[in-house]
Amino acid sequence: MSLLKGKTAIITGASRGIGKAIAVKYAQEGCDVAFTDLFEDDNMKATEQELIAYGVKAKGYASDASNFEDTDRVVSEIVKEFGRIDVLVNNAGITKDTLLMRMTEDQWDAVINVNLKSVFNFTKAAQRTMLKQRSGSIVNLSSVVGVSGNAGQANYAASKAGIIGFTKSVARELGSRGVRSNAIAPGFIITEMTGKIPEDARKAWEASIPLKRGGTPEEVAGVATFLASDLSSYVSGQVITVCGAMNT
Ligand code: NAD
């Protein structure tokens, strides 16, 4: 299939997990992919090779998405190398879960900076190119807990709720210039991030999901592909939940 042929995407935090699954699906659909992650390590090199094998242009860039100057630098490098930005996927994210009574200022700041400030950093740097092109699709990874809240995740839930407000504001601000902005709110997706959750807590989560299982990164990537493609040309300012009916 070639739903994304002729398009170029930037995906943050894509050396593994959901970001990598999105990068692979985009490459399968004919999209050139520039992706970032914190380090130029074996994961990054392996992802780069996997994408190139689909016959597209692909390159991994080491950058800290929470850092404003670093983001501006890497987006300029990508535009120089790839020529355009049709799709921006703000995927990089971390958790530092703990109850509010134990949460330190550092745990709060780290999660807000990596999860929320990064979305501002990359959108701000990429909008110049999208506005010039008069087209673009921004896809932000929020979470069901950004809508519902979650005990032990006040920092994470706040960052993911902030992403929803940002996504809707950008959709209103840039819509007249042909730029769309949407969020995906995944539920319980099986990745290294959720691998940290203890076995009994994981089983309890799964039992509470009507589809009776966690989702896969590929199932999130399917929705991210729809939002990047022209199939969603009239969809903007929305939050699409991918949660096996956990949050209805
Ligand atoms: P993951 O931990 O497997 O992957 C996250 C990637 O982001 C890693 O490669 C990591 O190195 C990278 N990263 C972290 N900090 C970074 C930074 N400052 N700059 C650049 N890259 C950075 O996580 P995942 O499960 O694949 O999650 C991806 C996104 O989806 C996150 O935003 C997460 O909050 C969101 N999400 C995940 C789930 C889930 O159940 N797994 C549910 C809802 C939302």
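Worth knowing before you read on, the calculation uses all heavy atoms, side chains too, and leaves out hydrogens, waters and symmetry mates. All ligand and atom numbering here is 1-based and tracks the order in the structure.
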**Message:** When you measure from the heavy atoms of K20 to every atom of ligand 1, does any distance fall below 4.0 Å?
**Reply:** no

**Request:** Tell me, please: is S63 in heavy-atom contact with ligand 1, that is, under 4.0 Å?
**Result:** yes

**Prompt:** What pairs with K5 under salt bridge (charged side-chain N to carboxylate O under 4.0 Å, His left out), at least two apart in sequence or on another chain?
**Reply:** none

**Fill in**
min-distance protein heavy atom vs atom 12 (C) of ligand 1 -> D37 OD1, 3.4 Å

**Message:** With a 4.0 Å cut-off on N to O distance, would you call R202 and E199 a salt bridge?
**Reply:** yes

**Request:** For atom 6 (C) of ligand 1, find the nearest protein heavy atom and state the residue, atom name and distance (0.1 Å precision).
**Result:** G13 O, 3.3 Å

**Complete:** Under 4.0 Å between heavy atoms, the region of T12 that gets near ligand 1 turns out to be neither

**Prompt:** Looking only at protein heavy atoms, which one is nearest to atom 14 (C) of ligand 1, and how far off is it?
**Reply:** I94 CG2, 3.8 Å

**Prompt:** Is it true that the side chains of Q153 and D97 contain a donor and an acceptor less than 3.5 Å apart?
**Reply:** yes

**Complete:** The protein heavy atom nearest to atom 31 (C) of ligand 1 is N91 O, 3.1 Å

**Item:** S143 N/O under 3.5 Å from ligand 1 N/O
**Value:** no

**Item:** The one among A185, S118, G187 that brings a heavy atom closest to atom 38 (C) of ligand 1
**Value:** G187

**Request:** Could you find the nearest protein heavy atom to atom 4 (O) of ligand 1 and give me its residue, atom name and distance?
**Result:** R16 NE, 3.6 Å

**ligand 1 contact on A14 by region, counting heavy-atom pairs under 4.0 Å** = neither

**Prompt:** Looking only at heavy atoms, is any part of S142 under 4.0 Å from ligand 1, and if so is it the side chain, the backbone, or both, or is it neither?
**Reply:** backbone

**Request:** Looking only at distances, please establish whether an N/O atom of ligand 1 is found under 3.5 Å from an N/O atom of G17.
**Result:** no

**Request:** Not counting sequence neighbours, which residues clear side chain to side chain donor-acceptor pair (under 3.5 Å) with N90? List them please.
**Result:** T123, N140

**Prompt:** Looking only at non-hydrogen atoms, which of I189, V220, I18, T194 approaches atom 37 (C) of ligand 1 most closely?
**Reply:** I18

**Request:** Determine, considering heavy atoms only, which of W205, Y156, F122 sits nearest to atom 33 (C) of ligand 1.
**Result:** Y156

**Prompt:** Between D64 and ligand 1, does any nitrogen or oxygen pair lie at a separation below 3.5 Å?
**Reply:** yes

**Request:** Please determine if N115 has a nitrogen or oxygen closer than 3.5 Å to a nitrogen or oxygen of ligand 1.
**Result:** no

**Asked** For F39, is the nearest heavy atom under 4.0 Å from an atom of ligand 1?
**Response** no

